[in-house]
Novice: 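Can you keep this structure in mind? I'll have questions shortly.
In this text, all values refer to a predicted model and were calculated from it rather than measured experimentally. Residues take their numbers from the sequence shown, with the count starting at 1.
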Amino acid sequence: MKAQKHRTWIAEIIALILALFVLSPFLLVVLNSAKTSADIVISPISLPTNWGQMITNIKNVVNNQSFVYWNSFFSSLLITVVSLALLAVCSGMAAWVLARNKTKWSNFIFMLFVSAMVIPFQVVMLPLLSTFRSVSDFTGIQMLQSYKGIVFAYLGFGGSMSVFILHGFVKGVPYELEEAAWIDGCSPEGTFFRIIFPLLKPSQVTVLILNGIWIWNDYLLPSLMLGLNGKIKTLPVAVSSFVGSYVKQWDLILTAAFLAMIPIIILFLFAQKQIMQGMVDGAIK
């Protein structure tokens, strides 16, 4: 009994150390957002001497003309919301069709989705830009430096993981529910949106949160597709406006990063139970 308690204490101490290690970047951002740029350079790991400096930094960030906080905030919000809405519907329909049609082709397509999860973005980013540029030239539809282009890209990159999670959940939904709907005269579209889609809520929450955190915090894809100096800027891209060739405004950079993290942290804290439940349900089913 004593040996078991001893092992439990050791495990808890190791877990605490790992938690502090993982949270250390976030803690450094919070601490340094309450300092001046000179204080950050002198001692970046010390506690702030004046927490009121955080309010001053926030005002400077929000009122900064080169940062344009509210425009960047609404751009990030629009891109995230539209991308998540399309991912929820399209991934749900794809997972449902692949789970119900048990053929060699459906298994092959599902494995393509799974294999796409392990392909690094760096491998496809140059072909992606070339393809989108060719599409823009051929059709006249502006895919680069536009909302529709980056939303379409997020739909493609986020679809593989979303289909993988939802596919496992759909297999656990009783097929008799769909048969009953068809007997009552429900169309395939009506069956999905009236029967299957509401039942996918636990896994959909997991998909939306995981993709939402990624899309909101992503820097590489928006910087490539929207440009660092384009009219449309997400919050991570807009933070780079405080970084110059010779001067880096560390107080404003870290404060802007802190403001960009707040919405997604609040969302995660309120939905963490649904995330874990959705992951467990999808894995079991």
Novice: Is there side-chain contact between Glu178 and Trp96, with at least one heavy-atom pair below 4.5 Å?
Specialist: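 Result yes, sub-4.5 Å side-chain heavy-atom pair found.
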Novice: Between Ile13 and Leu16, is there a side-chain heavy-atom distance shorter than 4.5 Å?
Specialist: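 Answer no - side chains too far apart.
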Novice: Checking Asn217 side chain against Met261 main chain: does a donor-acceptor pair fall under 3.5 Å?
Specialist: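 Between the backbone of Met261 and the side chain of Asn217 there is no qualifying donor-acceptor contact (under 3.5 Å).
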Novice: Check the pair Leu210 / Ile165 against side-chain contact (heavy atoms from CB on, under 4.5 Å), numbers first and verdict last.
Specialist: CA-CA 11 Å; Leu210 294 178; Ile165 294 175; 4.3 Å; yes
Novice: Please work out whether the ring planes of Phe73 and Trp216 are parallel, tilted or perpendicular, with thresholds of 30° and 60°.
Specialist: perpendicular
Novice: With heavy-atom distances below 4.5 Å as the criterion, would you say the side chains of Asn71 and Lys233 are in contact?
Specialist: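 Not touching, per the 4.5 Å side-chain cut-off.
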Novice: Is the closest side-chain heavy-atom distance between Leu31 and Pro48 below 4.5 Å?
Specialist: yes
Novice: Give me the ring orientation class for Phe193 and Phe197: parallel if the planes are under 30° apart, tilted from 30 to 60°, perpendicular past 60°.
Specialist: tilted
Novice: Would the distance check show the side chain of Lys35 and the main-chain N or O of Ser43 forming a donor-acceptor pair, the cut-off being under 3.5 Å?
Specialist: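 It does hold such a pair.
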Novice: Consider only side-chain heavy atoms of I, L, V, M, F, W and Y, link residues closer than 4.5 Å, and tell whether Leu254 and Ile262 are in one cluster.
Specialist: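 Yes, because Leu254 and Ile262 connect within a single hydrophobic cluster, where side-chain heavy atoms sit under 4.5 Å apart.
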Novice: Keeping Thr80 on the side-chain end and Leu77 on the backbone end, is there a donor-acceptor pair under 3.5 Å?
Specialist: no
Novice: Which residues satisfy the side-chain hydrogen bond (donor to acceptor under 3.5 Å, both in side chains) test with Trp182, sequence neighbours excluded?
Specialist: Thr191
Novice: If the test is side chain to side chain contact (heavy atoms under 4.5 Å, CB included), which one of Val62, Asn63, Val61, Asn57 qualifies with Lys59?
Specialist: Asn63
Novice: When you measure from the side chain of Gln53 to the backbone of Thr36, do you find a donor-acceptor pair of N or O atoms at a distance under 3.5 Å?
Specialist: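 Checked: no pair found.
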Novice: Would the number of heavy atoms belonging to other residues, nucleotides or ligands and lying under 6.0 Å from OH of Tyr69 be above 12?
Specialist: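 Buried by this count: over 12 neighbours within 6.0 Å.
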Novice: Hey, can you pull the donor-acceptor pairs under 3.5 Å for the side chains in residues 147-154, sequence neighbours left out?
Specialist:
{"from": "Tyr147", "atom 1": "OH", "to": "Ser75", "atom 2": "OG", "distance (Å)": "3.1"}
{"from": "Tyr154", "atom 1": "OH", "to": "Asp218", "atom 2": "OD2", "distance (Å)": "2.8"}

Novice: Same hydrophobic cluster for Phe113 and Met117, using side-chain heavy-atom links shorter than 4.5 Å among ILVMFWY?
Specialist: yes
Novice: Using 0.5 Å steps for rounding, measure from the CG atom of Asn60 to the OG1 atom of Thr255.
Specialist: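 Spacing of CG (Asn60) from OG1 (Thr255) equals 8.5 Å.
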Novice: Kindly determine whether Ile79 and Thr234 satisfy side-chain contact (heavy atoms from CB on, under 4.5 Å), including the steps that lead there.
Specialist: CA-CA 9 Å; Ile79 292 171; Thr234 60; 3.8 Å; yes
Novice: Is any side-chain heavy atom of Ser91 closer than 4.5 Å to one of Val207?
Specialist: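 Side chain of Val207 against side chain of Ser91, heavy atoms only: no contact under 4.5 Å found.
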Novice: Are Val118 and Phe110 connected, step by step, through hydrophobic side chains (Ile, Leu, Val, Met, Phe, Trp, Tyr) whose heavy atoms are closer than 4.5 Å?
Specialist: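 They do not share one cluster, since no chain of ILVMFWY contacts under 4.5 Å joins Val118 to Phe110.
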Novice: Is there a side-chain contact between Asn32 and Asp251 in this structure, where contact means two heavy atoms from C-beta onward sitting under 4.5 Å apart?
Specialist: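 Of all side-chain heavy-atom pairs linking Asp251 with Asn32, none is under 4.5 Å.
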Novice: Return the minimal non-hydrogen interatomic distance between Cys90 and Leu155, and the atom names on each side.
Specialist: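 Closest approach of Cys90 to Leu155: CB-CD1, 4.2 Å.
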Novice: Within the side chain of Ser106, is there an N or O that forms a donor-acceptor pair under 3.5 Å with the backbone of Thr103?
Specialist: yes
Novice: Quick check: are there more than 12 heavy atoms from other residues, nucleotides or ligands sitting under 6.0 Å from CD1 of Ile45?
Specialist: no
Novice: Donor-acceptor pair, Ser76 side chain versus Leu235 backbone, under 3.5 Å?
Specialist: yes
Novice: So do Thr131 and Met143 actually touch side chain to side chain, heavy atoms under 4.5 Å?
Specialist: no
Novice: Measure the CE-CD1 distance between Met93 and Ile196 for me, rounded to the nearest 0.5 Å.
Specialist: 13.0 Å
Novice: Is there side-chain contact between Leu128 and Leu224, with heavy atoms separated by less than 4.5 Å?
Specialist: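 Leu128 vs Leu224: side chains apart.
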